[in-house]
Amino acid sequence: MDPKSQVETALRAALAKVAPEHADAHILVERPKQAGHGDFSTNIALQLAKALKRNPRELAQEIARAVPAGAFDTPEIAGPGFINFRLRSGTRLAVVNRVLKEKERYGRAQPGTGEKVQVEFVSANPTGPLHVGHGRQAALGDAIAALLESQGHKVTREFYYNDAGAQIDKLAWSVQARARGKNPGDQGWPEEGYAGEYIEDIAREFKGDVDDVEAARRFAVDYLRREQDVDLQAFGVKFDVYYLESSLYADGKVDAVVKTWTANGKTYEKDGALWLRTTEYGDDKDRVVRKSDGGNTYFVPDVAYHLTKWQRGFKRVVDVQGTDHHSTVTRVRVGLQALNAGVPKGWPDYVLHSIVKVMRGGEEVKMSKRAGSYVTVRDLIDWVGRDAVRFFLVSRKADSEFIFDVDLARQKSDENPVYYVQYAHARVCSVFAQWGGSVDKLASAQLDALKHEREAALARLLDEFPETVAKAATEAAPHDIAFYLRELAAQFHSYYNAERILVDDENLRTARLALCAAVRQTLANGLSLIGVSAPEKM
RNA sequence: GCGCCCGUAGCUCAGCGGAUCAGAGUAUUGGCCUCCGAAGCCAAGGGUCGUGGGUUCGAAUCCCGCCGGGCGCGCCA
């Protein structure tokens with residue numbers, strides 16, 4: 001049993017004695033930030049003081065006395081009534097052996113114990129190169145998928161191509177116009193056409209009949225999908241499923257959705273259009289389903305698509321999208337409800353991310369040569385490298401605006417958090433290279449010799465990793481991992497500077513090497529979750 | 001106007017199922033390499049947590065108003 005569970009179990013037992021009527025109360029066990037407050041603490045006495053009409057400190061005292069002896073010293077009472085636990089050194093250090101035994105599995109749940117889940121992200125229209133917003137989605141989505149996998153879930157990474165809408169027509173017309181030698185703004189240039197340089201490339205390589213819009217469309221979509229794939233590959237992101245919007249029409253799934261709504265009595269005709277009574281489900285107004293010109297509005301295929309997700313058996317679905325699409329959240333959920341297909345009310349989950357601003361040389365960069373009006377993922381990777389892009393884009397809460405400082409990310413120095421973490425990993429590798437012994441033997445190393453507070457602090461942090469990962473997975477919040485890694489790297493660098501690892505005393509040397517190996521393993525495991533490499537040399 | 005999100009140190013941001021929560025990085029200043037990688041470490045200064053109320057023994061954290069910013073409010077996707 002891990003130390004935290006031991007503390008929880010002991011507290012539960014104490015509570016049963018002191019306050020049997022609250023024996024099943026929720027016991028919050030925290031890890032105090034200040035080492036002086038021990039390894040764990042609980043505010044349970046403060047929580048129960050009122051109900052029991054007791055003085056919180058006295059109650060805490062009584063609970064503390066009732067705690068069965070275990071893997072920790074006698075609990076202390078502090079502040080208004082906190083109970084602080086200090087682990088015995090051996091208990092605390094045991095995590096080192098655990099990490100070395102579990103290796104890349106440390107921090108992961110038993111595989112195959114979870115559910116079938118899906119993360120949908122990027123889902124860029126095939127109308128141009130991927131921009132930085134897609135990059136943020138790719139970094140977030142892939143990390144969220146990895147986090148869910150770490151909890152034992154069977155995860156499908158899915159990319160949805162809107163290859164059937166009006167924007168594709170514009171793409172085809174733009175390519176056609178370029179192929180005819182027209183430039184943006186010329187007579188005959190399509191309204192709201194795509195002006196980026198990449199359209200010229202596509203037009204140049206298009207060898208088909210210029211008058212055949214269908215051919216131009218197919219060629220352009222294929223071309224851009226290939227290009228996006230190349231970028232995603234460079235970013236290290238792989239999808240399991242590419243789902244084409246056009247297939248929903250081909251399979252009749254879009255029409256089926258409209259039919260079901262109508263059969264369920266959820267629609268009505270007005271002004272020559274077909275409306276869905278979304279207000280029945282809390283929307284602020286009803287929505288048009290079929291326009292007076294006969295076409296569907298975009299949210300019909302969206303609902304049809306999400307219905308397939310449900311029918312494919314995904315218990316949990318996370319959609320990663322920009323906040324500019326947040327109005328679709330309600331509509332997709334409501335549209336699914338109106339189908340009476342047994343879809344739960346708040347399904348699916350959404351992670352909405354804010355915009356990314358790219359700063360370089362103190363100014364915002366808005367243009368890219370290739371795409372014209374926006375900075376591409378490829379630009380970013382070319383400028384700062386894949387690891388830095390990944391780490392940066394994942395290091396903020398999704399819903400906060402993100403300012404990507406290109407100059408900072410380029411620096412190979414202490415100012416750059418990516419290198420800071422990777423450097424910690426490389427540093428351990430360097431020590432092991434010098435030592436030259438067998439790391440495998442360290443898994444069962446004796447650790448009694450580790451007596452410094454810095455060593456205790458590292459052990460505490462290592463012990464915290466699994467719950468950090470679990471929380472990040474539940475909350476779909478990869479930035480927790482980035483912050484954890486920074487903290488672990490900081491603790492390690494500090495330790496490294498203060499104490500020598502390769503000392504003459506063999507016992508101490510072995511124990512310290514084991515600790516370092518555990519740090520390295522945990523850094524590598526964390527970096528892998530956010531798709532960043534753990535280099536042995538830099 | 002309505003809805004959602006955001007407002008924490010000069011700058012970029014964590015913390016927000018209340019207490020042991022005023023934090024990190026960066027910038028500034030001052031130290032540390034005959035010693036396992038100085039891409040590192042140690043130390044100092046810096047914030048009435050946008051603002052005004054409310055709930056609570058206790059609020060950056062929960063509730064309401066206001067101010068400031070973002071995004072949505074199409075028979076566009």
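Residue numbers start from 1 in every chain, and the chains themselves are labelled A, B, ... in the order their sequence lines are given, proteins ahead of strands.
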Ignoring hydrogens and angles, tell me if any N or O in the side chain of A:Thr42 forms a donor-acceptor pair with the backbone of A:Val29 under 3.5 Å.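 Such a contact is absent between A:Thr42 side chain and A:Val29 backbone.
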
Please table the atom pairs, donor to acceptor, closer than 3.5 Å between any side-chain atom in residues 44-55 of chain A and protein atoms at least two apart or in another chain.
{"from": "A:Arg54", "atom 1": "NH2", "to": "A:Glu62", "atom 2": "OE1", "distance (Å)": "2.8"}
{"from": "A:Asn55", "atom 1": "OD1", "to": "A:Arg57", "atom 2": "N", "distance (Å)": "2.8"}
{"from": "A:Asn55", "atom 1": "OD1", "to": "A:Glu58", "atom 2": "N", "distance (Å)": "3.1"}

Restricting both atoms to N or O, compile the protein contacts to nucleotides 70-77 of chain B shorter than 3.5 Å, with distance only.
{"from": "B:C71", "atom 1": "O2'", "to": "A:Thr323", "atom 2": "O", "distance (Å)": "3.1"}
{"from": "B:G72", "atom 1": "O2'", "to": "A:Ser327", "atom 2": "OG", "distance (Å)": "3.4"}
{"from": "B:C73", "atom 1": "O3'", "to": "A:Lys285", "atom 2": "NZ", "distance (Å)": "3.3"}
{"from": "B:G74", "atom 1": "OP2", "to": "A:Lys285", "atom 2": "NZ", "distance (Å)": "2.5"}
{"from": "B:C75", "atom 1": "O2", "to": "A:Ser292", "atom 2": "N", "distance (Å)": "2.6"}
{"from": "B:C75", "atom 1": "O2", "to": "A:Ser292", "atom 2": "OG", "distance (Å)": "2.7"}
{"from": "B:C75", "atom 1": "N3", "to": "A:Ser292", "atom 2": "OG", "distance (Å)": "3.4"}
{"from": "B:C75", "atom 1": "N4", "to": "A:Asp271", "atom 2": "O", "distance (Å)": "2.8"}
{"from": "B:C76", "atom 1": "OP2", "to": "A:Lys291", "atom 2": "NZ", "distance (Å)": "2.8"}
{"from": "B:A77", "atom 1": "OP2", "to": "A:Tyr298", "atom 2": "N", "distance (Å)": "3.1"}
{"from": "B:A77", "atom 1": "N6", "to": "A:Tyr298", "atom 2": "OH", "distance (Å)": "2.9"}

Taking atom [atom1] in both [N] and [M], what distance in whole Å separates the two?
N     : M     : atom1 : result
B:A60 : B:A9  : P     : 15 Å
B:G23 : B:U48 : P     : 14 Å
B:G52 : B:C67 : P     : 15 Å
B:A38 : B:C32 : P     : 16 Å
B:A39 : B:G25 : C1'   : 15 Å
B:C16 : B:G7  : P     : 12 Å
B:G37 : B:C4  : C1'   : 49 Å
B:A14 : B:A24 : C1'   : 7 Å

Using whole Å, what does the distance between atom [atom2] of nucleotide [N] and atom [atom1] of [X] come to?
X        : N     : atom1 : atom2 : result
A:Gln47  : B:G18 : CD    : P     : 7 Å
A:Arg396 : B:A24 : CZ    : C1'   : 10 Å
A:Phe432 : B:G37 : CZ    : P     : 13 Å
A:Asp407 : B:C11 : CG    : C1'   : 14 Å

Under-3.5 Å donor-acceptor pair between A:Asn43 side chain and B:U20 base: no

Could you say whether A:Gly81 or A:Asn497 is positioned toward the 5' end of RNA chain B, judged by the nucleotide with the nearest heavy atom to each?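 Between the two, 5'-proximity favours A:Gly81.
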
In terms of the nearest nucleotide of RNA chain B, which residue is placed more toward the 5' end: A:Arg427 or A:Pro80? A:Pro80

Could you verify whether a donor N or O on one side chain and an acceptor N or O on the other, from [X] and [Y], lie under 3.5 Å apart?
X        : Y        : result
A:Thr279 : A:Asp286 : yes
A:Asp283 : A:Thr330 : no
A:Gln422 : A:Asp387 : yes

Here's a test for you: under side-chain contact (heavy atoms from CB on, under 4.5 Å), which of A:Thr297, A:Asp302, A:Val303 qualifies with A:Val300? A:Thr297

My understanding is that only residues two or more places apart in sequence, or in another chain, count here; which of them pass side-chain hydrogen bond (donor to acceptor under 3.5 Å, both in side chains) with A:Lys4?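 A:Glu467.
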
Scan residues 464-478 of chain A against RNA chain B and write down, sorted by residue number, each residue with any heavy atom closer than 4.0 Å; if none is found, say none.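 Those residues whose heavy atoms fall under 4.0 Å from RNA chain B, taken from residues 464-478 of chain A, amount to none.
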
Using a heavy-atom cut-off of 4.0 Å across all strands, would you classify A:Ile403 as base, sugar-phosphate, or nothing? sugar-phosphate

Charged N to carboxylate O under 4.0 angstrom, [X] versus [Y]?
X        : Y        : value
A:Arg86  : A:Glu76  : no
A:Arg396 : A:Glu401 : no
A:Arg31  : A:Asp463 : yes
A:Glu453 : A:Arg460 : yes
A:Arg217 : A:Asp169 : yes

Looking at [X], does any N or O in its side chain come under 4.0 Å of the phosphate oxygens OP1/OP2 on [N]?
X        : N     : result
A:Tyr420 : B:C41 : yes
A:Lys397 : B:C6  : no
A:His493 : B:C42 : no
A:Thr330 : B:G3  : no

Side-chain donor-acceptor distances from residues 122-129 of chain A under 3.5 Å, at least two apart:
{"from": "A:Ser123", "atom 1": "OG", "to": "A:Glu120", "atom 2": "OE2", "distance (Å)": "2.6"}
{"from": "A:Ser123", "atom 1": "OG", "to": "A:Tyr160", "atom 2": "N", "distance (Å)": "3.0"}

Treat a base pair as Watson-Crick or G-U wobble with both distances under 3.5 Å, then lay out RNA chain B in dot-bracket form, 5' to 3', with | for cross-strand pairs. (((((((..((((.........)))).(((((.......))))).....(((((.......))))))))))))....

Heavy-atom protein contacts under 4.0 Å, nucleotides 54-63 of chain B, coded B base, S sugar-phosphate only, - none: --SS------

Strictly under 3.5 Å: I want the nitrogen or oxygen pairs between protein and nucleotides 29-31 of chain B, one per line.
none

A:Arg333 to A:Tyr281 six-membered ring, cation-pi geometry met (6.0 Å, 45°):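 No - A:Arg333 does not lie over the ring of A:Tyr281 by the 6.0 Å and 45° rule.
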
Taking only residues two or more places apart in sequence, or in another chain, which ones meet A:Trp189 in a ring-ring contact (aromatic ring centres under 6.0 Å, His included)?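 With sequence neighbours excluded, A:Trp189 shows a ring-ring contact (aromatic ring centres under 6.0 Å, His included) to no residue whatsoever.
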
My understanding is that only residues two or more places apart in sequence, or in another chain, count here; which of them pass ring-ring contact (aromatic ring centres under 6.0 Å, His included) with A:Phe159? A:Tyr161, A:Phe239, A:Tyr242

When you check the glycosidic angle of B:C33, does it come out syn, meaning within 90° of 0, or anti? syn

Which pairs count as ring-ring contact (aromatic ring centres under 6.0 Å, His included) when at least one residue sits in residues 495-515 of chain A, sequence neighbours excluded?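 Found A:Phe492-A:Tyr496.
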
Donor-acceptor contacts under 3.5 Å from residues 427-437 of chain A side chains, at least two apart:
{"from": "A:Arg427", "atom 1": "NE", "to": "A:Tyr423", "atom 2": "OH", "distance (Å)": "3.3"}
{"from": "A:Arg427", "atom 1": "NH1", "to": "A:His493", "atom 2": "ND1", "distance (Å)": "3.0"}

